[in-house]
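Written below as structure tokens is the structure these notes are about.
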There are 2 protein chains.
Amino acid sequence: MLSEGRKKNRVTLLDVARHASVSRATASLVIRKSPLVSTETRAKVEAVMQELGYVYNMGAARLRADRSLTIGVVIPNLVNPFFTELLAGIDRVIDAAGMVVILVNSGDLVARQETLLTRMREHGVDGIILCPAAETEMSLVEKMVEWDLPLVQVLRRVTDDCDYAGVDYAFGMRQAVDHLAELGHRDIAFALHGPVHSAYQERVDGFRDAMQARGLDPENVIRVPHQIAAIAEAAGLFTEGSRRSSAVVCFNDVVALGLSAGLYDLGISIGRDFSLVGFDDVADAEAMRPRLTSVATFPEAIGEGAAKLLLDRLAQPDLAPRKLVKAPQLHIRQSSAIWRGSSLGRQQESG
Amino acid sequence: MLSEGRKKNRVTLLDVARHASVSRATASLVIRKSPLVSTETRAKVEAVMQELGYVYNMGAARLRADRSLTIGVVIPNLVNPFFTELLAGIDRVIDAAGMVVILVNSGDLVARQETLLTRMREHGVDGIILCPAAETEMSLVEKMVEWDLPLVQVLRRVTDDCDYAGVDYAFGMRQAVDHLAELGHRDIAFALHGPVHSAYQERVDGFRDAMQARGLDPENVIRVPHQIAAIAEAAGLFTEGSRRSSAVVCFNDVVALGLSAGLYDLGISIGRDFSLVGFDDVADAEAMRPRLTSVATFPEAIGEGAAKLLLDRLAQPDLAPRKLVKAPQLHIRQSSAIWRGSSLGRQQESG
DNA sequence: CTGAAAGCGCTTACAG
DNA sequence: CTGAAAGCGCTTACAG
């Protein structure tokens, strides 16, 4: 058995202490960089640790000290580049704090999410960063508070009684709509997809409010499929039939990418005949042709913010719940252009 | 202090045992689903665990049993969608085994990688899936073997003395080159970027061998920048000057996406004037217009394979090192087309 | 099938 | 600044 092999030649703190002719307590203090130890003693102990190949056993330490230097991150989807960037931000901060991330994927399923949260709790994580699966109940978060498990919600929220790091979606939508309206567009649609959660709702509401404020139709909201190829096939929803639009605000850049492909297939020139505004501004936006105008939401910064909220809470458990709501920023590129007399929507009239 | 709070009302196995009027050992057997316990006893203990809100303490169990149900995954880069899909595959298998993934990002830096591996070791991971940073020395892996830390290399390898799950890059390159050659192309370039490692080398060698086998110039290999916008700006390298190509095989789909944008900017029609073949076939390939011909490498399946290799090794530490080398598969779409008399490269002659 | 006991490797008061 | 001792919550033989 390997584990036996590993166990056999494991050198413990007691071995180190003996070789260095100090007590185990002293050796422990050296590891934890306590100032109580003299410089010579410290040097001697550290030399012995080197020599013996001592490996600190977090498992033993955590049992005694009741902290694991481990945090759990639960996200609903690994494949969306948006979440990847979020994760990179979380990882940077957690890593810098000498801690380590246990990552799990809920697949946006509440039942799975529950299982995974239990698992993380059993693993003794010090805290959790959770992007709640769609349909997550408030009671879940309350339960975790009851568990005394420090938690921060990220991107989506189910309660205000708990830290949250996210995006001011309403402000982002307003920028997108205002931008298109100022270019002269009036038939502006919102293309959405995916499961319903707070970020979904905030985007829809933000779009509607922004349209209303401009005196435009707030109900021009259309759901598209989830898979990118299927989104492309759905592009006609915006350009055909009685309800034609000259511009679309997209739920995220994935939708924008799909619609962009679909409009191309329909022979419609984006940035001339039709305007498209993405949301999130992931790396692909810059690589698309024409380049995609998109509302940047800075997922990496949000990840960092969420991790910092959690570290703060670990240090000060009694802090009141805090919110970190980042203002998004419209990046104007080529996919949005001046309205040119509805070359599309009213083709028949003008043609 | 929160940790005190948590500690105070923690219910332990002993509490459960007392309430259920059994010994602690019996309660432990119930948890581990031992068949030694009678059905009634099991039911009683489980009811009490429910009632008391007992949480299994992995930390304590791992200390005694010397296994943590935790594995470490070290990847060089989170942001490339290729790695994300790999990770999704790993996660699926590890999760199904009731284990949990500790994820770290080496940033392709050997020094950081070393720090992170030490950290994982201190955390007591049962094994590690490593995509070695560029320039990783064989001695690193040897050291880990010495540590008795089960390891599988994924995508890149630095030694044959250790499990490996990866791609038959040479076969993939052959398919790409053969495809273009059969379309009539003779001036085929290879566009590469990124740090040098085994997968890089295998792709280059594979391209050269495939070209040679076709009697084509194996030295038409050109390095492009790393950032996608900069790749776009470098597209002229393939279409201008004395060494013009009519087709490019790309190191990966990121390069293909960048070149695609750059060729668009140059007014060159991909799939008509110029052929492009990507590598990896990530989701974007299907979303590009024209759709990208690409060599699929199935990162998710490779992730699953790597995780299975690791689980096997945990079960049987003395297994000989194994290799899982997946055959890639060319997906022909629209970006590659019949050579039409070098409308580009020999424009001056023919025009 | 169950109970009493030892021990995994550390940290933490408590004396000195 | 250091040493001896208790204990974190579990698992594992070992008797019964």
Side-chain angles (χ1 to χ4, degrees), chain A residues 1 3-45 48-49 52-70 121-124 126, chain B residues 1 3-45 48-49 52-70 121-124 126:
Chain A
M1 289 282 88
S3 59
E4 283 177 1
R6 248 201 282 175
K7 205 180 307 182
K8 286 254 164 43
N9 42 35
R10 173 176 283 160
V11 7
T12 82
L13 201 50
L14 189 55
D15 299 326
V16 171
R18 279 179 186 145
H19 277 254
S21 318
V22 301
S23 78
R24 181 160 54 173
T26 306
S28 176
L29 291 173
V30 169
I31 284 178
R32 285 173 295 136
K33 309 209 185 305
S34 159
L36 297 177
V37 184
S38 74
T39 326
E40 306 101 84
T41 307
R42 171 181 307 286
K44 187 172 54 177
V45 172
V48 171
M49 294 199 312
L52 264 47
Y54 171 71
V55 180
Y56 183 63
N57 184 332
M58 276 289 316
R62 86 203 290 176
L63 180 58
R64 191 64 177 80
D66 205 30
R67 63 164 176 54
S68 66
L69 295 185
T70 283
R121 194 182 173 209
E122 292 180 347
H123 274 277
D126 291 336
Chain B
M1 289 280 89
S3 59
E4 283 177 0
R6 248 201 282 175
K7 205 181 307 183
K8 287 254 165 46
N9 41 33
R10 172 175 285 160
V11 8
T12 83
L13 201 49
L14 189 54
D15 299 326
V16 171
R18 280 180 189 144
H19 278 254
S21 318
V22 301
S23 78
R24 181 160 53 174
T26 304
S28 176
L29 291 174
V30 169
I31 284 179
R32 284 172 295 135
K33 309 208 186 302
S34 160
L36 297 178
V37 184
S38 72
T39 326
E40 306 100 86
T41 306
R42 169 180 309 285
K44 186 171 56 179
V45 172
V48 171
M49 296 201 311
L52 264 47
Y54 171 71
V55 180
Y56 183 64
N57 185 332
M58 275 291 315
R62 86 202 289 175
L63 180 57
R64 189 65 176 80
D66 206 28
R67 64 165 175 52
S68 66
L69 296 186
T70 283
R121 196 182 172 209
E122 291 180 348
H123 273 277
D126 291 336

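Per chain, numbering begins at 1; letters A, B, ... match sequence-line order.
Side-chain contact between A:L63 and B:N57 is present, with heavy atoms from C-beta onward closer than 4.5 Å.
Shortest non-hydrogen contact noted between A:D15 and A:R10 is OD2-O, 3.9 Å. Here the closest non-hydrogen pair linking B:M49 and B:V16 is CG-CG1, 3.6 Å.
Rounded to whole angstrom, the span from the CE atom of B:M58 across to the P atom of D:dC10 amounts to 11 Å. The CG atom of B:N57 sits 5 Å away from the P atom of D:dC10 (whole-angstrom rounding). Computed from coordinates, the A:L69 CG to C:dC10 P distance equals 15 Å when rounded to whole Å. Taking atom NZ of B:K44 as the reference point, atom C1' of C:dT2 lies 11 Å away to the nearest angstrom. At whole-Å resolution of the value, CG in A:L63 and P in D:dG9 are 7 Å apart. We find that CG of B:D66 is positioned 17 Å from P of C:dG7, with the value rounded to whole Å.
Side-chain atoms of B:R10 lie closest to D:dG9 of the nucleotides C:dC10, C:dC1, D:dG9. Each of D:dG9, C:dT2, D:dG3 was ranked by its minimum atom distance to the side chain of B:S23; first place goes to C:dT2.
Residue B:V45 is out of contact with every strand shown, counting any heavy-atom pair closer than 4.0 Å.
Residues passing the side chain to side chain donor-acceptor pair (under 3.5 Å) test with A:T70: none are found, sequence neighbours excluded. Judged as a side chain to side chain contact (heavy atoms under 4.5 Å, CB included), and not counting sequence neighbours, the contacts of B:A25 are B:S23. Partners of A:S21 under the side chain to side chain donor-acceptor pair (under 3.5 Å) rule, at least two apart in sequence or in another chain, do not exist in this structure. B:R18 meets the side chain to side chain donor-acceptor pair (under 3.5 Å) test with no other residue; sequence neighbours excluded. Residues meeting the side chain to side chain contact (heavy atoms under 4.5 Å, CB included) test with A:L13, sequence neighbours left out: A:R24, A:A27, A:S28, A:I31, A:Y54. B:T12 meets the side chain to side chain donor-acceptor pair (under 3.5 Å) test with no other residue; sequence neighbours excluded.
Close to C:dT2, at under 4.0 Å from its OP1 or OP2, lies a side-chain N or O of B:T41.
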Per-nucleotide protein contact along nucleotides 11-16 of chain D, 5' to 3', at a 4.0 Å heavy-atom cut-off (B base, S sugar-phosphate only, - neither), is BB----
Pairs under 3.5 Å (Watson-Crick or G-U), crossing ones as [ ], inter-strand ones as |: DNA chain D comes out as |||.||||||||.|||
